[in-house]
Trainee: 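Encoded as C-alpha cells, here's the structure I'll be asking about.
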Number of protein chains: 2
Amino acid sequence: MSEVQKNWNNKLIDFHGRCRAAGLKMTPQRVAVFKALIGTDKHPTAEDVYRDVRLEMPNISLDTVNRTLLTLVEIGAAFVVEGTGQPRRYDGGMDDHQHFRCLKCGKIVDFHYEPYDNIDVPAAIGHYTVLRKTVYFEGYCDACTHDN
Amino acid sequence: MSEVQKNWNNKLIDFHGRCRAAGLKMTPQRVAVFKALIGTDKHPTAEDVYRDVRLEMPNISLDTVNRTLLTLVEIGAAFVVEGTGQPRRYDGGMDDHQHFRCLKCGKIVDFHYEPYDNIDVPAAIGHYTVLRKTVYFEGYCDACTHDN
DNA sequence: TTGACAAATAGTTTTAAATCCTATTTAGTA
DNA sequence: TACTAAATAGGATTTAAAACTATTTGTCAA
C-alpha cells in the first residue's frame, strides 16, 4: 500500500473513531462528504462538496452536505477556514499550513512555516479541549498592495 | 487629558490618516461607526453597531453601517473576528488579545498571552503588506467538554 | 469662498447561504 | 430479525449581506 493510501486509511479510521466517540452513525453520506473533503487540497465550499459528492451519490441533498460539514467541524474532523465567510470554506485538515488572506480581494494564500505547526497553548485556556491551533495573517496581497 | 482619552485620540488620528491614505472621505457616518466600534470591548455585529450609532444619528441606514464596517476592514482599521460568521462579529482593535472559540456552542473566549502579541512574519509572505497577525484556538469549552 | 464633481448615503429591493421542517428511510443493537 | 433513535431528502423559510438608484455631501481647485 502506498504512503498516500496509508495516510488516507488512517484518516478514515480516525474519522470512524471520532464518530463512535460522539455516538454518530456511519452513514454513506457522511463518509462520502468526508472523503470529498480530504480528497482535495482546495478549500471547498458546501456547494463544491455537494457537486463533488453528487457524482457518486446523485440523490444526496444540499442540506445533508451542509449538516454533515457542520457535524465534521463539531467533532474536529474538519475546520472552517478563517476569514469573513460567505460562503464558508472548509478544510479537511490537509498537511500543516497557514493562511494569509487579502483584505481587499479576499484571496487566500497558503504558506507553511514550521514553527507555527505546533505552538503552545497558554495556561489560561489549558483546561479547554483544544482541537486546533491556528496562526493567521491578513493584509494586502501583491496586486492589491500596488494598485493603490 | 487622561490616558484613555489620549488613546482614543490617537485612534481617531490614525483612522483619519488611513482614510486619507486610501482616498476616503471623512463622513460623519464613518466616524460614528468607527467610534462605536472602538468604544466597546465586545465583538459587536453590524446590527449591534447600527443600534448603537442610531442613538446619536437616528437616520443612518443599516446598509451604511454594513458598508462602513467592510470599509474599515479593508483599510485595516477594524477586523472580523475569526469563526464561522453569520452574523459577522467585528473587532475595533482593542488591546492585544487572542480568541478561543468553542466548536459546539460557538462561545468566544478572550484571553491574553503576551508571546502571541507580536509573532514574526515568515519570509514566504514577507513581501505582502501584513496588517494583522492572529493566533486563534478552537475546541470545546468546559461546559461542552463535559456534557458529552 | 464658492462651485463642480466624485464619492457616499438612505431607503428599499434582491440575493444567496444556511437553517428549519416533516415525512420517510436507515444504521446500530438487542 | 425487528426495533428505535438518528439521519436523510426535498422543499420552504430565514436572515445577513449586497445591490440598486435617486439624492446628498465632502473635497479640492479656482
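Per chain, numbering begins at 1; letters A, B, ... match sequence-line order. Keep in mind the model is a prediction, meaning the values are calculated, not measured.
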Trainee: Which ones in residues 57-79 of chain B lie close to DNA chain C, meaning a heavy atom under 4.0 Å from one of its atoms?
Mentor: B:Asn59, B:Ile60, B:Ser61, B:Asp63, B:Thr64, B:Arg67

Trainee: Between the two ends of the helix from C:dT1-D:dA30 to C:dA30-D:dT1, what is the bend in degrees, rounded to 10 degrees, where each end axis spans five pairs?
Mentor: 50°

Trainee: Test of understanding: with salt bridge (charged side-chain N to carboxylate O under 4.0 Å, His left out), list the residues that count as partners of A:Arg30, not counting sequence neighbours.
Mentor: none

Trainee: Among residues at least two apart in sequence or on other chains, which ones pass side-chain contact (heavy atoms from CB on, under 4.5 Å) with B:Ile60?
Mentor: B:Gln29, B:Val33, B:Tyr50, B:Val53, B:Arg54, B:Met57, B:Thr64, B:Val65

Trainee: Show me the pairs that pass ring-ring contact (aromatic ring centres under 6.0 Å, His included) and involve residues 4-33 of chain A, at least two apart or across chains.
Mentor: A:Phe15-A:Phe34

Trainee: Considering residues at least two apart in sequence or located in another chain, which fulfil the salt bridge (charged side-chain N to carboxylate O under 4.0 Å, His left out) criterion with A:Glu82?
Mentor: none

Trainee: How many Å lie between CZ on A:Phe34 and P on D:dA7, as a whole number?
Mentor: 17 Å

Trainee: Which donor-acceptor pairs under 3.5 Å do side chains of residues 70-79 of chain B form with protein atoms, sequence neighbours excluded?
Mentor:
unit_1, atom_1, unit_2, atom_2, d
B:Thr71, OG1, B:Arg67, O, 2.9

Trainee: Is it true that A:Arg51 and A:Asp48 have a side-chain N and a carboxylate O under 4.0 angstrom from each other?
Mentor: yes

Trainee: For A:Asp117, give me all partners under salt bridge (charged side-chain N to carboxylate O under 4.0 Å, His left out), at least two apart in sequence or on another chain.
Mentor: none

Trainee: Tracing side-chain links under 4.5 Å among I, L, V, M, F, W and Y, which residues wind up in one group with B:Ile125?
Mentor: A:Phe100, A:Val109, A:Phe111, A:Tyr113, A:Tyr116, A:Ile119, A:Val121, A:Ile125, A:Tyr128, A:Val130, A:Val135, A:Phe137, B:Phe100, B:Val109, B:Phe111, B:Tyr113, B:Tyr116, B:Ile119, B:Val121, B:Tyr128, B:Val130, B:Val135, B:Phe137

Trainee: Sequence neighbours excluded, which residues qualify as side-chain contact (heavy atoms from CB on, under 4.5 Å) partners of B:Asn59?
Mentor: none

Trainee: Taking salt bridge (charged side-chain N to carboxylate O under 4.0 Å, His left out) as the definition, give me every residue that meets it alongside A:Asp52, ordered by chain and number, with sequence neighbours left out.
Mentor: none

Trainee: Can you check the A:Arg54 CZ to D:dT8 P distance for me, whole Å?
Mentor: 16 Å

Trainee: How does each nucleotide of nucleotides 25-30 of chain D score, in 5' to 3' order, for protein heavy atoms under 4.0 Å: base (B), sugar-phosphate only (S), or none (-)?
Mentor: BBSS--

Trainee: When the distance from CD of A:Gln86 to C1' of D:dA19 is rounded to whole Å, what number comes out?
Mentor: 15 Å

Trainee: B:Arg88 side chain N/O closer than 4.0 Å to the phosphate oxygens (OP1, OP2) of D:dT15?
Mentor: no

